[in-house]
Amino acid sequence: MPISVRLERRIRRDFPDPGSAAEIMRMLDELPGTAGYDVEHFAGERVQAAIVLLAEGSIRRFHESVGLALTDWRDLLVAAELDHESWPDRLQAELSTGVAPC
C-alpha cells in the first residue's frame, strides 16, 4: 500500500532537509517486509502516521518510533494516541492541518 498523499505531505513538512522526506518514505515503504508479522498493519496509514507523528521531525525519534513499532505496533499506537475509537478523527486533524488538535 503506497503512502497516502496526506501522510506524504506531513512527512515533507516535518522533514524538510534535502533527501530526508524521500528517505523517510522509503523506510516506511520497506517497513512491512522488515516487520515479519502483521504486515497489513505496517502497510497501513495508521501505523505509518503514528511513527511520523511520534518522530516530531527528528530522524533520531523516527528510528526510535520504528523500533517501537517493530517491538509492538500496539504500543506505538498508544504512544501516538491513535489507539482509541476516535483515532480516525485524530489522524484527520493531524494530517489535514499538520497541527495537533487543542
Side-chain angles (χ1 to χ4, degrees):
M1 171 185 226
I3 293 172
S4 70
V5 171
R6 66 185 190 163
L7 181 55
E8 180 178 344
R9 190 171 42 241
R10 177 64 182 254
I11 292 167
R12 291 188 186 285
R13 192 203 82 185
D14 286 2
F15 298 92
D17 291 342
S20 294
E23 183 64 11
I24 293 294
M25 289 186 284
R26 183 193 63 75
M27 288 188 283
L28 287 175
D29 189 50
E30 293 176 355
L31 189 58
T34 305
Y37 74 99
D38 289 335
V39 172
E40 67 278 358
H41 290 291
F42 287 97
E45 184 184 48
R46 186 179 182 189
V47 168
Q48 292 175 347
I51 291 168
V52 171
L53 294 176
L54 281 180
E56 297 178 330
S58 164
I59 298 291
R60 179 186 58 78
R61 287 185 54 117
F62 175 83
H63 288 288
E64 290 171 356
S65 297
V66 168
L68 177 58
L70 292 173
T71 300
D72 190 329
W73 59 266
R74 295 163 297 192
D75 289 343
L76 171 76
L77 296 180
V78 170
E81 299 177 13
L82 293 174
D83 59 320
H84 299 292
E85 285 181 18
S86 62
W87 73 264
D89 295 332
R90 174 161 159 66
L91 199 56
Q92 175 65 26
E94 288 285 352
L95 299 183
S96 294
T97 63
V99 177
C102 296

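Nothing fancy with the numbering, it's 1 onward along the sequence.
- Between the CG atom in Leu7 and the CG atom in Leu53 there is a gap of 8.0 Å [rounded to 0.5 Å].
- Taking Asp72 as the reference, Arg74 meet the side chain to side chain donor-acceptor pair (under 3.5 Å) condition, with sequence neighbours excluded.
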Which pairs would a plain distance check flag for residues 75-83, meaning a side-chain donor or acceptor within less than 3.5 Å of a matching protein atom at least two apart in sequence or in another chain?
none

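- In this structure Ile59 satisfies the side chain to side chain contact (heavy atoms under 4.5 Å, CB included) test together with Phe15, Ile24, His63, sequence neighbours excluded.
- Shortest non-hydrogen contact noted between Ile11 and Met25 is CD1-CG, 3.7 Å.
- The side chain to side chain donor-acceptor pair (under 3.5 Å) test applied to Ser4 returns Glu45, not counting sequence neighbours.
- Legend: residues meeting side chain to side chain donor-acceptor pair (under 3.5 Å) with Arg12, ordered by chain and number and at least two apart, are Glu8.
- Note that CZ of Arg90 is 9.5 Å distant from CG of Leu95, once rounded to the nearest 0.5 Å.
- In terms of heavy atoms, Ala49 sits closest to Leu91 at CB-CD1, 3.3 Å.
- Annotation: side chain of Arg6 is not in contact with side chain of Arg10 (no heavy-atom distance under 4.5 Å).
- Contacts classified as side chain to side chain donor-acceptor pair (under 3.5 Å) and involving residues 17-28 (residues at least two apart or in different chains) are given here: Glu23-Arg26, Arg26-Glu30.
- For the pair Leu28 and Gln48, the tightest heavy-atom approach, listed with the atom from each and the gap, is O-NE2, 3.8 Å.
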Could you walk me through whether Val66 and Thr34 pass the side-chain contact (heavy atoms from CB on, under 4.5 Å) test, one step at a time?
CA-CA 10 Å; Val66 168; Thr34 305; over 6 Å; no
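- The shortest heavy-atom contact between Ala69 and Phe42 is O-CZ, 3.2 Å.
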